[in-house]
Structures are given as structure tokens and as C-alpha cells.
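Values below: every heavy atom of this structure, side chains too, minus hydrogens, waters and symmetry copies.
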Amino acid sequence: MNNAATDADSTQVFEVPDTLNTVEAVVKQVNAVYDRWNAMRENYKEGMPSLDELFGTKEWQQVVAQADSVTMECECGGFFDFGDEGPLDPWIYDCYEGRVSADSIKAEILPNGMAEVKFLVKDAMTVKGIPMRWLMRVEDGEWRVANIFFEKEGGMDLLHGMKEYAWEAITDKQFDISKYYDELVELAEPLLAGYDPVQFHEYALIDVDRDGKAELYMRNGEDHYEMIFSLDDNDPHILVDADYHRSISFFKDAIQSSGGCGTGCNMAEVVVLKDSKLSYTLNNMEQYDMEGNLSENGWEKDGKEIPTEEGEKLYKELGEPIDHYVNWHGINIERKPNLSDYAE
């Protein structure tokens with residue numbers, strides 16, 4: 001996960017009083033969060049303001065409210081009900097036993113009224129602590145939490161994840177997979193010639209370049225193939241595909257299909273999007289000899305060979321891999337019979 005500030009960034013210039021523009025002021029506020037959490041647990045009363053309301057920025061509070069609204073409507077576990085640990089709490093992760101505190105706090109003052117804080121959340125049972133990272137911003141005359149990252153989950157960006165969670169629920173309400181299914185299968189068949197019939201069992205809506213328009217992620221779990229389609233302008237086309245030899249991963253604004261391509265051979269195919277349209281493709285193939293030494297390293301941009309240095313530079317500019325919130329939905333569409341099914 002990219003360590004840079006993400007959706008909590010702002011072009012607005014914040015006035016920061018000298019009394020707040022210190023590491024000590026940031027650390028004091030972090031400790032205040034957990035002092036308040038412990039006090040609320042010991043003396044909870046209905047209607048007490050939450051930590052989100054007391055310490056979160058306006059944007060954080062709005063996004064939390066949107067995610068909570070979706071959870072209430074779907075009657076599901078919610079955004080934080082994931083993995084073996086869940087449900088988790090954004091402020092304390094899974095630390096509930098006894099007094100909760102922040103330990104080994106390291107704060108860095110950033111430009112424009114921002115700060116990054118790293119620390120360990122501890123309770124009576126979690127001696128080593130759970131690593132956390134906050135992005136903080138001066139708002140309404142105090143340091144407030146603009147974003148929380150679960151470092152234990154690879155640096156999971158909670159603000160962006162909750163935004164995707166709410167966006168997906170709203171978008172899926174208006175989406176009809178049956179409108180696209182037959183056309184998508186027809187597009188997929190030339191790439192999946194060894195499978196008969198070609199069928200997708202699940203779909204998910206994702207927003208790779210965060211422009212509010214959906215890309216369609218489809219997969220067949222039994223035969224281990226998957227594809228991501230662009231639906232821009234209601235003209236579906238394949239962006240990337242993968243099978244049991246390759247897997248799909250994401251960068252900011254980009255999708256990658258990568259894996260083995262034979263003995264000692266690795267490949268990566270990347271599509272970069274802008275406004276839900278293909279900006280460019282970047283392909284790399286590496287070949288290794290019997291001793292494991294790199295013998296070939298070829299790069300292509302938009303299908304044309306480019307120097308290794310240029311390819312590596314473009315790939316590095318993609319940044320670190322990121323996670324997308326993916327909510328899989330089952331597909332229950334009868335396959336239209338083909339004439340070949342009845343051939344003798």
C-alpha cells in the first residue's frame with residue numbers, strides 16, 4: 001500500500017497556530033483519543049458523541065456516516081466485518097481487553113497543516129501492540145484524524161475503502177448484469193478457447209481510476225479465469241484477463257495481470273486508465289536462465305518495444321500496489337444454447 005497521503009489530501013491551505021505546529025501537540029491529541037475511549041468505556045451513556053465526531057475531520061465523519069448507512073440498509077456485517085479478526089474498530093483494531101493506549105508514537109509534521117503519526121495500539125492482552133498509522137489535519141483549531149491505515153492489513157486505507165464500500169452499494173443498485181452478460185461472454189471466448197462453455201459465476205464493480213464510473217470484474221472460480229471489462233460509453237471491452245497461471249492486482253489508476261509464461265519466464269501486462277478510458281498499456285517479459293540469472297528483459301508500450309530504462313521508469317511511476325474493495329455478487333443467468341450443442 002502506498003504510504004503517501006491519499007484521499008485525505010486537500011488543496012486548501014490551513015492556518016496552523018504555532019501552538020499546534022509541533023510534534024508534542026500531535027502526540028498529545030493521539031493520547032487524548034485513547035484517554036477518551038477508555039473513559040467512554042468505563043462511563044458509557046447513550047447519546048455520547050463518538051470518537052469519529054470528537055476527533056475525526058468533517059470528511060472522515062461524512063464517509064463513516066455513508067458507510068454506516070449502507071450497512072444498516074443491507075443488514076450485513078459492514079465494511080469492518082472482514083477477515084478472521086472482524087468485526088474490527090477503526091480506532092483500536094482488535095484491542096478491547098482492559099485499558100487501551102498508544103505506544104511508541106512517532107509523529108511527523110507535514111506541509112499544509114498535516115501530520116503523519118505511527119504508533120502501536122496496546123491493551124492488556126496485546127503486549128507487542130498493533131501497528132497503526134494516522135493522517136491528521138488541523139481543522140476547527142485542533143488536530144483531527146483525516147485518515148486511518150491498518151498497517152497490520154498491509155497499510156489498508158480506511159477512508160478510501162469506506163468510500164468504495166458506499167460507492168459500490170449505490171452503483172450496484174442501478175446495475176443489471178444481464179444487460180451485458182452475453183456480450184461479455186462473446187468477447188471472452190476468443191481468449192478462453194480451451195473452455196467450453198465460457199461462463200462467469202461472479203461479478204464485482206470497482207472504480208480503478210476513482211472517477212465514479214464502474215469497471216466490471218468477472219470470474220469463474222471453478223476454472224480459475226477472470227477478466228476486467230471497461231463499460232465506458234456502454235461499449236464493453238476487455239482490459240485484462242488472467243487464469244491459474246496469472247493473477248490480477250492493482251495500482252492507482254492501473255490494473256496488472258502477471259505471472260508465469262513458461263519455464264523461467266515471468267510476464268506482466270498493465271493497463272493504465274484515465275477517466276475510465278485506456279490511457280496506455282505497458283508490458284514486460286523477463287526470461288531467466290537455468291542458473292536463475294536474468295537473460296532477457298523486454299518492455300513494450302502500446303505494443304511497441306521501448307528501452308528497458310523507459311519501461312522500468314514507467315512501471316516505477318505506477319507506485320506501490322493498492323487494494324480495492326471488491327464485493328462479489330453471484331451470477332444466475334442461463335446460458336443461451338449454441339447450435340453446436342445439438343450437433344451430432
Identify whether Phe80 and Tyr96 are in the same connected component of the hydrophobic contact network (ILVMFWY, side-chain heavy atoms under 4.5 Å). yes
So for atom CD, which belongs to Glu53, do other residues, nucleotides or ligands contribute more than 12 heavy atoms lying within a distance under 6.0 Å? yes
When rounded to the nearest 0.5 angstrom, what is the spacing between CD1 in Ile255 and CG in Asp241? 11.5 Å
Assigning hydrophobic clusters by single linkage (Ile, Leu, Val, Met, Phe, Trp, Tyr; side-chain heavy-atom cutoff under 4.5 Å), is Met285 placed with Leu294? no
Are Asp223 and Leu192 side-chain neighbours, meaning at least one heavy-atom pair lies under 4.5 Å? no
Do side-chain atoms of Asn284 reach the backbone of Gly298 as a donor and acceptor pair under 3.5 angstrom? yes
Give the C-alpha distance, both sets of side-chain angles, the deciding distance and a yes or no for side-chain contact (heavy atoms from CB on, under 4.5 Å) between Met227 and Leu184. CA-CA 10 Å; Met227 290 186 178; Leu184 299 180; over 6 Å; no
Lys313 bridged to Glu317 by N-O distance under 4.0 Å: yes
Do Leu216 and Ile177 make a side-chain contact, defined as non-hydrogen atoms from C-beta onward lying under 4.5 Å apart? yes
Quick one: are the ring centres of Phe175 and Tyr180 less than 6.0 Å apart? yes
Using a 6.0 Å cut-off, check whether atom OH of Tyr44 has over 12 heavy atoms from anything other than its own residue. yes
What is the distance from atom CD1 of Ile105 to atom CG of Asn31, rounded to the nearest 0.5 Å? 4.0 Å
Cys265 SG to Glu296 CD distance, which is reported to the nearest 0.5 Å: 8.5 Å
Quick one: pull up OH in Tyr165 and OG1 in Thr71 and give me the separation to the nearest 0.5 Å. 2.5 Å
Is there side-chain contact between Gln66 and Ile170, with heavy atoms separated by less than 4.5 Å? no
Looking at Glu269, is its backbone amide N or carbonyl O close enough to the side chain of Ser257 to form a donor-acceptor pair, meaning the two atoms are under 3.5 Å apart? no
Measuring only between side-chain heavy atoms, which start at C-beta, is Ile109 closer than 4.5 Å to Val23? yes
With a 4.5 Å heavy-atom cut-off, do Ser279 and Leu273 have their side chains touching? no
On a heavy-atom basis, which atom in Val198 and which in Val185 lie closest, and how many Å separate them? O-CG1, 3.6 Å
Shortest non-hydrogen contact from Leu120 toward Lys128: CD1-O, 3.5 Å
May I ask you to decide if Gly56's main-chain N or O and Gln61's side chain share a donor-acceptor pair within less than 3.5 Å? yes
Side-chain heavy-atom pair Val117, Val26 within 4.5 angstrom cut-off: yes
So does Lys163 get a backbone contact from the side chain of Tyr325, meaning a donor-acceptor N/O pair under 3.5 Å? no
Between Asp35 and Arg99, is there a side-chain N and carboxylate O pair less than 4.0 Å apart? yes
Using a 3.5 Å distance criterion without hydrogens, assess whether the side chain of Asp302 forms a donor-acceptor pair with backbone atoms of Thr281. yes
Side-chain heavy atoms under 4.5 angstrom apart, residues restricted to Ile, Leu, Val, Met, Phe, Trp, Tyr: same cluster for Ile238 and Tyr195? yes
Verdict with reasoning, Val271 to Leu278, per side-chain contact (heavy atoms from CB on, under 4.5 Å): CA-CA 7 Å; Val271 295; Leu278 180 63; 3.9 Å; yes
Salt bridge (charged side-chain N to carboxylate O under 4.0 Å, His left out) evaluation trace for Lys274 with Asp211: CA-CA 8 Å; Lys274 184 176 182 181; Asp211 66 345; over 6 Å; no
Between the side chain of Asp207 and the main-chain N/O of Gly212, is any donor-acceptor distance below 3.5 Å? yes
Which heavy atom of His237 sits nearest to which heavy atom of Leu187, and what is that distance? CA-CD1, 4.1 Å
Is the NZ or CZ atom of Arg144 both under 6.0 Å from the centre of the six-membered ring of Trp60 and within 45° of that ring's axis? no
For residues Phe251 and Tyr315, establish whether the separation of their ring centroids is below 6.0 Å. yes
If Ile, Leu, Val, Met, Phe, Trp and Tyr residues are connected whenever their side-chain heavy atoms lie under 4.5 Å apart, and connections chain through other members, are Met218 and Tyr244 in the same group? yes
Please determine if Glu151 and Lys118 form a salt bridge, counting it only when a charged side-chain N lies under 4.0 Å from a carboxylate O. no
Set out, in order, the CA-CA distance, both residues' side-chain angles and the distance that settles side-chain contact (heavy atoms from CB on, under 4.5 Å) for Trp143 and Phe55, then state yes or no. CA-CA 8 Å; Trp143 283 106; Phe55 297 101; over 6 Å; no
Assess the pair Trp134 and Phe119: is the distance between their ring centroids shorter than 6.0 Å? yes
Minimal non-hydrogen separation, Trp91 against Val33, with atom names: CE3-CG1, 3.8 Å
Test your reading of the model: is there a side-chain donor-acceptor pair from Asn220 to the backbone of Tyr225, 3.5 Å cut-off? no
Distance from Ile331 atom CD1 to Tyr181 atom OH, nearest 0.5 Å? 6.0 Å
Would you please test His324 and Glu168 for side-chain hydrogen bond (donor to acceptor under 3.5 Å, both in side chains) and show each step? CA-CA 11 Å; His324 275 284; Glu168 192 278 337; over 6 Å; no
Pairing donors with acceptors under 3.5 angstrom, does anything connect the side chains of Tyr203 and Asp172? yes
Any chain of hydrophobic side-chain contacts (each under 4.5 Å) joining Ile92 to Val27? yes
With side chains defined as the heavy atoms from C-beta onward, is the minimum distance between Ile130 and Asp94 less than 4.5 Å? no
Answer with yes or no whether the side chains of Gln256 and Ser249 bring together a donor and an acceptor at under 3.5 Å. yes
Please find the pair of heavy atoms, one from Arg246 and one from Gly260, that lie closest to each other, and give the distance. CG-O, 4.3 Å
Taking Asp275 for its side chain and Lys277 for its backbone only, find out whether a donor-acceptor pair lies under 3.5 Å. no
In Val64, Leu135, Asn147, Thr57, the residue satisfying side-chain contact (heavy atoms from CB on, under 4.5 Å) with Leu159 is Asn147
Taking the six-membered ring for Trp, are Tyr217 and Trp328 ring centroids under 6.0 Å apart? yes
Worked verdict on Lys252 versus Leu318 for side-chain contact (heavy atoms from CB on, under 4.5 Å): CA-CA 7 Å; Lys252 186 176 182 295; Leu318 297 174; over 6 Å; no
Determine the minimum heavy-atom distance between Arg36 and Pro49, stating which atoms define it. NH2-CG, 4.0 Å
Taking Asp253 for its side chain and Val272 for its backbone only, find out whether a donor-acceptor pair lies under 3.5 Å. no
Taking atom CD of Gln29 and atom CE of Met136, what is their separation to the nearest 0.5 Å? 5.5 Å
Do Glu215 and Asp209 touch side chain to side chain, with heavy atoms closer than 4.5 Å? yes
Under 3.5 Å: donor-acceptor pair, side chain of Asn327, backbone of Leu205: no
